[in-house]
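Beneath this line is the structure, given in structure tokens, with notes to follow.
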Amino acid sequence: MENSLKTTWIQSEEKLGQYRIALLNWFDEQRRDLPWRQDPSLYKTVVSEFMLQQTRVSTVIPYFTNWLNKFPDFYSLSQADEKDVLKAWEGLGYYSRARNLHQLSKTAANWKHPPVSVKEWQTLPGVGPYIAAAVTSISLDQPEAVCDGNVVRVLSRLFAISEIFKDGATAQKKLRPLAQKLINSGRPGDYNQAVMELGATVCHRSSPLCSTCPILSYCESGRQGDWADRPQIARKAKKTASIRRYWVESQNSLLVHASKKNRLQGIHELPDKLPYSGNLTDLNSQVLAIRKRTIGRVEYTEEIHQPPQIPLLLDPLPQGYTWMKWSELKNFTLSGPHRKWIEELRD
DNA sequence: AAAACGGGGCA
DNA sequence: TGCCCAGTTTT
């Protein structure tokens with residue numbers, strides 16, 4: 001990979017050192033005052049990295065603050081009920097992250113000393129190459145380079161990489177060795193955060209602020225002004241799907257369902273099947289509303305049906321179904337969109 | 001290797 | 001509306 005680069009400064013140990021200093025000096029001046037950077041700890045780093053997967057900093061901040069109040073350390077998290085853990089994650093999405101973090105805390109609560117190698121970290125639930133490198137570099141001072149979406153963007157421009165990557169994950173995997181060559185082993189955590197911070201605040205996807213960039217003189221794309229073409233990541237076709245949901249109200253309650261099997265387990269939504277022994281078409285239900293939401297590249301159209309009369313449901317209700325009293329709406333853990341729709345459709 | 005997994009912010 | 005965000009797990 002490096003052989004095809006037009007820039008050669010990376011091969012000079014002296015230039016490399018100057019590049020690292022320029023970036024770290026900038027970071028020392030410009031770093032954002034984020035909650036997980038105040039009185040930092042391993043726990044805060046782990047929680048923030050779990051929350052930050054595919055999720056913007058501005059979205060994470062209020063969740064992180066609330067989380068630290070509820071679960072201040074690994075031990076308190078390990079002792080919490082999964083229900084409360086999921087409730088604190090409600091609306092953030094990717095709920096398996098919360099379950100994995102909860103599981104991880106049960107191991108971490110017993111650590112005399114945390115593991116130091118990325119290999120050991122990657123055996124923990126929900127920890128992949130990115131989190132392993134982030135945690136061990138930031139909190140344990142290990143020289144492990146992270147390669148996330150920000151790093152891919154910065155490096156693609158720095159070295160004018162014009163390869164078309166199949167997807168973001170492929171780009172991250174391919175560019176990680178390059179990121180590893182650049183890391184400052186004296187301050188690995190700060191170096192990693194500096195590149196990501198640069199990607200987030202200066203090297204924007206569109207309209208990057210090259211004139212204020214601390215490493216502009218090292219950047220092939222910045223000097224040529226052709227940043228717009230990089231990185232080149234092929235985009236996948238989007239798909240559509242439709243789901244029928246049911247709105248059944250009875251005795252000041254709404255029928256909701258939380259799957260035990262799929263990755264939405266523990267998260268309630270309007271049921272997509274009625275616990276009903278009869279033929280559903282007999283219900284001749286009315287369409288109460290139609291809503292859309294996107295999950296990944298799939299746009300779901302959810303048709304919310306309301307039977308004209310309360311159907312005779314199975315008794316007892318099958319696993320996963322619950323009557324949610326309206327008075328308990330706030331206490332239930334619902335997916336973000338379903339909470340919104342339920343509140344909209346309630347009257 | 002490709003798909004699934006949430007939700008939201010911003011051009 | 002389309003892109004993509006401090007990615008990981010499952011198929």
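Since the structure is predicted, the reported quantities are computational estimates derived from the model, not experimental observations. Residue numbers start from 1 in every chain, and the chains themselves are labelled A, B, ... in the order their sequence lines are given, proteins ahead of strands.
Note on A/Tyr300: a side-chain N or O is less than 4.0 Å away from OP1 or OP2 of B/dC5. An OP1 or OP2 oxygen of C/dC3 is reached within less than 4.0 angstrom by no side-chain nitrogen or oxygen of A/Lys236. Within the structure, every side-chain polar atom (N or O) of A/Gln53 is placed at least 4.0 Å from both OP1 and OP2 of C/dT8. Under 4.0 angstrom from either OP1 or OP2 of C/dT9 there lies no side-chain N or O belonging to A/Tyr94. The side chain of A/Arg235 places an N or O atom within less than 4.0 Å of a non-bridging phosphate oxygen (OP1 or OP2) of C/dC3. Under 4.0 angstrom from either OP1 or OP2 of B/dC5 there lies no side-chain N or O belonging to A/Arg297. Listed pair A/Lys166 / B/dA2 meets the phosphate criterion, a side-chain N or O lying under 4.0 Å from OP1 or OP2.
Distance check, rounded to the nearest 0.5 Å: OG1 of A/Thr333 to NZ of A/Lys87 gives 5.0 Å. Atom-to-atom distance recorded for A/Arg153:CZ and A/Arg230:CZ is 14.5 Å, nearest 0.5 angstrom. Rounding to the nearest 0.5 angstrom, the gap separating the CD1 atom in A/Ile21 from the CZ atom in A/Arg187 is 8.0 Å.
Using a 4.0 Å heavy-atom cutoff across all strands shown, A/Arg153 reaches sugar-phosphate atoms only and no base atom. Looking at heavy-atom distances under 4.0 Å, A/Arg31 makes no contact with the nucleic acid at all. Within the 4.0 angstrom heavy-atom criterion, only backbone atoms of the sugar-phosphate kind lie near A/Ile131; the bases stay farther away. Contacts of A/Val60 with the nucleic acid, taken as non-hydrogen atoms under 4.0 Å apart, are absent. A/Trp36 comes within contact range of at least one nucleobase, with a heavy-atom separation under 4.0 Å. Counting any heavy atom pair closer than 4.0 Å across all strands shown, A/Gly199 reaches no nucleic acid atom. Looking at heavy-atom distances under 4.0 Å, A/Arg293 makes contact with sugar-phosphate atoms alone, never a base. Nucleic acid contact class of A/Leu34 (heavy atoms, under 4.0 Å, all strands): base. Residue contacts for A/Pro125: at a heavy-atom cut-off of 4.0 Å it reaches the sugar-phosphate backbone alone, with no base atom in range.
Between A/Tyr130 atom OH and C/dG7 atom C1' the separation is 9 Å, expressed in whole Å. With rounding to whole Å, A/Lys174 atom NZ is found 10 Å from B/dA1 atom P. Between the C1' atom of C/dT8 and the CE atom of A/Met51 lies a distance of 17 Å, rounded to the nearest Å. In this structure, the OH atom of A/Tyr95 is 4 Å from the P atom of B/dG7, given to the nearest Å. The separation between A/Leu52 atom CG and B/dG7 atom C1' is 14 Å, rounded to whole Å. Atom CD of A/Glu90 is separated from atom C1' of B/dG7 by 13 Å (rounded to the nearest Å). To the nearest angstrom, P of B/dA4 lies 20 Å from CD1 of A/Ile267. Rounded to whole angstrom, the span from the NZ atom of A/Lys238 across to the P atom of B/dG6 amounts to 20 Å.
Between C/dT8, C/dG7, C/dC4, one nucleotide has an atom nearer to the side chain of A/Pro129 than all others, and that is C/dT8. Checking C/dA6, B/dG9, B/dG6 against the side-chain heavy atoms of A/Asn150 singles out C/dA6 as nearest. Distance from the side chain of A/Asp148 is smallest to C/dG7 among B/dG9, C/dG7, C/dT9. Closest approach to the A/Arg56 side chain among C/dC3, C/dG7, B/dG8 is made by B/dG8 (side chain taken as heavy atoms from C-beta onward).
Between A/Ile295 and A/Lys340, the residue whose closest nucleotide on DNA chain B is further toward the 5' end is A/Ile295. Along DNA chain C, the nucleotide closest to A/Leu124 and the one closest to A/Arg32 are compared, and the more 5′ of them pairs with A/Arg32. Position along DNA chain B of the nearest nucleotide to A/Arg97 versus A/Ser207 favours A/Arg97 as the more 5'-ward residue.
Between A/Phe64 and A/Trp36, the ring planes are perpendicular. Angles over 60° get that label, and only those under 30° would be called parallel. Below 30°, between 30° and 60°, or above 60°: for A/Trp9 and A/Phe159 the angle between ring planes is below 30°, a parallel geometry.
Side-chain atoms of A/Thr301 and A/Lys292 form a donor-acceptor pair, as typed in the model, at a separation below 3.5 Å. In the model, A/Gln53 has no side-chain atom that pairs as donor or acceptor with a side-chain atom of A/Tyr130 under 3.5 Å.
Here, C/dA6 and B/dA11 have their P atoms 15 Å apart, quoted to the whole Å. Separation of the P atoms belonging to C/dT11 and B/dG6 is 14 Å when rounded to the nearest angstrom.
With A/Met324 as the partner, the side chain to side chain contact (heavy atoms under 4.5 Å, CB included) test is satisfied by one option alone out of A/Asn252, A/Leu255, A/Leu254: A/Leu254.
The base of B/dG8 lies outside donor-acceptor range of the side chain of A/Ser58, with no N or O pair under 3.5 Å.
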